[in-house]
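Below, read A as the first sequence line, B as the second, and so on, with proteins coming before strands; counting in each chain starts at 1.
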2 protein chains.
Amino acid sequence: MVDNKLIDVTFKKYGLRKTSFRKNLFELFHNSLNSLSAKEISLRFSTSADKVSIYRALDSFEKSGLIHKVPDKNNLLRYSLCKSECTPNQHAHDHAHFLCSVCDETFCLDDFTLPSTKSHNGFLINDLKIIMEGTCVSCKSI
Amino acid sequence: MVDNKLIDVTFKKYGLRKTSFRKNLFELFHNSLNSLSAKEISLRFSTSADKVSIYRALDSFEKSGLIHKVPDKNNLLRYSLCKSECTPNQHAHDHAHFLCSVCDETFCLDDFTLPSTKSHNGFLINDLKIIMEGTCVSCKSI
DNA sequence: ATATTAAACGCAACAAAATTGCGTTATAAA
DNA sequence: TTTATAACGCAATTTTGTTGCGTTTAATAT
């Protein structure tokens with residue numbers, strides 16, 4: 001369960017309306033160790049949430065800078081909670097993403113440092129991502 | 001236009017049947033500077049190619065090691081021609097991928113070296129990709 | 001050259017993911 | 001409390017990719 005104060009502060013910071021659905025969605029992200037797809041979100045809601053609301057909420061959360069897209073093994077839309085430093089315009093994701101070949105989950109490896117380059121052969125680089133594939137900690141030990 | 005000898009050699013190497021459709025598809029990849037999605041392929045064929053044939057050919061080309069999946073800005077299946085060193089089992093893609101925010105195209109940056117790590121915090125890394133976003137050379141100069 | 005066999009084709013149907021439209025409801029601000 | 005607007009929820013639609021299956025075509029053996 002997430003503290004009401006955190007919800008207030010967060011929603012205010014990101015300029016989001018506090019509807020009960022979006023508060024639940026935020027809680028879900030907050031309590032999830034890794035990323036979420038629309039389908040996973042749908043399954044985790046007891047009261048069946050409309051998929052359109054899910055998609056629109058995700059879109060809105062992303063635009064505000066609260067969550068960010070992460071890669072997915074099956075090309076699904078998939079999101080993770082942003083770090084507190086992120087703003088709508090500037091995301092501070094200096095971490096790598098890890099896709100587990102066994103469980104298909106996506107993990108953020110927060111402490112993996114990315115190379116910092118601004119351009120390469122005339123290509124202007126605004127954003128650089130590292131995506132790893134392999135076996136995650138949990139699946140390794142099975 | 002691609003030389004018939006190249007087609008012969010390539011299809012033999014990768015164990016592919018020389019159907020007229022697949023020869024055209026190979027030519028298309030060979031003449032493309034960057035990557036192709038199923039939709040783009042479809043549009044580039046004058047004689048409307050069946051989409052199922054496109055998907056199956058792409059799958060077959062990929063499995064043989066002739067082409068490889070590249071990331072796409074809109075979560076589409078997207079492929080690029082492999083380097084000659086690639087085999088069905090082992091791909092030698094030590095390059096970064098660049099996604100242009102303006103034209104949505106994906107480019108392979110062949111000479112961008114990737115870090116080589118085999119594990120991180122208990123995660124076993126089989127494959128590591130770098131994806132850059134920004135403005136490509138062509139779009140920059142517009 | 002011809003027959004054989006197995007892959008590739010092409011069409012229809014299907015499935016999953018995501019989007020659009022629109023009238024209704026709920027939130028934030030005036 | 002009123003008002004403007006964002007969010008909701010339902011249906012319908014679009015887009016992307018897949019499966020099934022009978023037919024065709026290419027590679028191999030005869």
Side-chain angles (χ1 to χ4, degrees), chain A residues 4 7-28 35-67 69-79 88 104 106, chain B residues 4 7-28 35-67 69-79 88 104 106:
Chain A
N4 276 326
I7 293 182
D8 285 356
V9 171
T10 309
F11 277 62
K12 184 139 206 173
K13 174 180 172 189
Y14 291 99
L16 295 165
R17 281 203 189 194
K18 282 188 292 177
T19 70
S20 67
F21 169 70
R22 292 186 179 204
K23 283 190 280 187
N24 289 335
L25 183 59
F26 171 67
E27 285 203 23
L28 191 56
S35 57
L36 294 167
S37 67
K39 194 179 186 180
E40 285 164 6
I41 290 166
S42 180
L43 292 171
R44 299 243 219 141
F45 272 94
S46 43
T47 55
S48 60
D50 189 76
K51 64 173 176 171
V52 178
S53 299
I54 295 175
Y55 283 112
R56 288 204 262 238
L58 289 172
D59 195 56
S60 151
F61 280 16
E62 195 209 3
K63 284 200 169 58
S64 75
L66 177 59
I67 61 176
K69 277 187 192 163
V70 301
D72 176 85
K73 276 211 68 179
N74 302 112
N75 279 18
L76 302 178
L77 287 180
R78 179 176 286 282
Y79 298 86
D104 276 10
T106 304
Chain B
N4 276 326
I7 292 182
D8 284 357
V9 171
T10 308
F11 277 61
K12 184 140 206 170
K13 174 181 174 189
Y14 291 101
L16 296 164
R17 283 205 185 191
K18 282 187 292 176
T19 69
S20 66
F21 169 69
R22 291 185 180 205
K23 283 190 279 186
N24 290 335
L25 184 59
F26 171 67
E27 286 203 21
L28 191 57
S35 57
L36 294 166
S37 67
K39 195 179 184 179
E40 285 164 5
I41 290 166
S42 179
L43 292 171
R44 298 242 219 144
F45 272 94
S46 43
T47 55
S48 59
D50 189 75
K51 64 172 179 171
V52 178
S53 300
I54 295 175
Y55 282 111
R56 288 205 261 237
L58 289 172
D59 195 54
S60 152
F61 280 16
E62 195 208 4
K63 285 200 168 57
S64 75
L66 176 59
I67 61 174
K69 277 187 193 163
V70 301
D72 176 84
K73 278 210 66 177
N74 301 113
N75 278 20
L76 302 178
L77 288 180
R78 177 176 285 283
Y79 299 86
D104 275 9
T106 304

Q: Using only heavy-atom distances, decide whether a donor-acceptor pair under 3.5 angstrom links the side-chain of B:Arg56 to the base of D:dG17.
A: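 Per atom types, no contact qualifies.
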
Q: Calculate the interatomic distance between B:Asp50 atom CG and C:dA12 atom C1'; express it in whole Å.
A: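 Going from B:Asp50 (CG) to C:dA12 (C1'), I get 10 Å.
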
Q) Start at the 5' end of DNA chain C and walk down; is the nucleotide closest to B:Phe21 or to B:Lys51 reached first? A)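 Per heavy-atom nearest nucleotide, the more 5' residue is B:Phe21.
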
Can you tell me if the side-chain N/O atoms of [X] get under 4.0 Å from OP1 or OP2 in [N]?
X: A:Arg22; N: C:dT27; value: no
X: B:Thr19; N: C:dA7; value: no
X: A:Tyr55; N: C:dT19; value: no

Q. Charged N to carboxylate O below 4.0 Å: is that the case for A:Lys63 and A:Asp59?
A.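 So A:Lys63 pairs with A:Asp59 through a salt bridge.
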
Q: Drop me the distance from B:Glu27's CD to B:Ile7's CD1, to the nearest 0.5 angstrom.
A: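 Output value for this atom pair is 4.5 Å.
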
Q. Considering the terminal five base pairs at each end of the helix from C:dA1-D:dT30 to C:dA30-D:dT1, what angle separates the two local helix axes, rounded to 10°?
A.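 Here the local axes at opposite ends form an angle of 40°.
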
Q) Taking the side chain from B:Asp72 and the backbone from B:Arg78, do they hold a donor-acceptor pair closer than 3.5 Å? A)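 No; judged by distance alone, with no hydrogens or angles, the pair does not exist.
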
Q: Quick one: do B:Ser35 and B:Glu40 satisfy side chain to side chain contact (heavy atoms under 4.5 Å, CB included)? Show the steps, please.
A: CA-CA 9 Å; B:Ser35 57; B:Glu40 285 164 5; 5.7 Å; no

Q: For this output row, return yes or no: ring centroids of B:Tyr14 and B:Phe61 closer than 6.0 angstrom.
A: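 Here the rings of B:Phe61 and B:Tyr14 have centres that are no less than 6.0 Å from each other.
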
Q) How are the rings of B:Phe21 and B:Phe45 set to each other: parallel, tilted or perpendicular (split at 30° and 60°)? A)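 Geometry flag for B:Phe45 against B:Phe21: tilted rings.
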
